[in-house]
Amino acid sequence: MYERDYLDIDEIGVDKDLRRHGVASEIISYILDYAKDKGFKRV
């Protein structure tokens with residue numbers, strides 16, 4: 001098994017009532033920060 005240098009985002013879903021409020025942007029921002037902290041080179 002090879003160690004991966006990337007993090008794969010398969011799906012993101014936001015409840016219909018919460019769309020257009022920046023929720024998905026916050027999720028992506030969190031994932032990018034997490035990936036950076038863990039040493040992933042690509043997302």
Side-chain angles (χ1 to χ4, degrees):
M1 189 118 213
Y2 296 101
E3 185 175 342
R4 298 185 332 174
D5 66 345
Y6 65 92
L7 181 67
D8 186 29
I9 300 172
D10 190 36
E11 291 184 32
I12 293 177
V14 176
D15 187 90
K16 184 179 177 182
D17 295 334
L18 298 174
R19 293 178 188 161
R20 308 297 296 168
H21 290 87
V23 175
S25 295
E26 286 294 322
I27 292 170
I28 294 293
S29 179
Y30 178 86
I31 292 169
L32 292 174
D33 288 342
Y34 172 85
K36 184 177 180 181
D37 289 344
K38 297 298 181 183
F40 290 103
K41 306 221 182 312
R42 298 179 293 145
V43 177

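Excluded from the calculations below are hydrogen atoms, water molecules and symmetry mates; all remaining heavy atoms, backbone and side chain alike, are included.
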Passing candidate, side-chain contact (heavy atoms from CB on, under 4.5 Å) with Leu32, options Ile27, Asp37, Leu7, Val43: Val43
Compile the donor-acceptor pairs under 3.5 Å between side chains in residues 8-26 and protein atoms, sequence neighbours left out, one pair per line.
residue: Asp15; atom: OD2; partner: Asp17; partner atom: N; Å: 3.0
residue: Arg19; atom: NE; partner: Val14; partner atom: O; Å: 3.0
residue: Arg19; atom: NH2; partner: Val14; partner atom: O; Å: 3.4
residue: His21; atom: ND1; partner: Leu18; partner atom: O; Å: 3.3
residue: His21; atom: ND1; partner: Arg19; partner atom: O; Å: 2.8

Asp5: partners by side chain to side chain donor-acceptor pair (under 3.5 Å), with sequence neighbours left out: Arg42
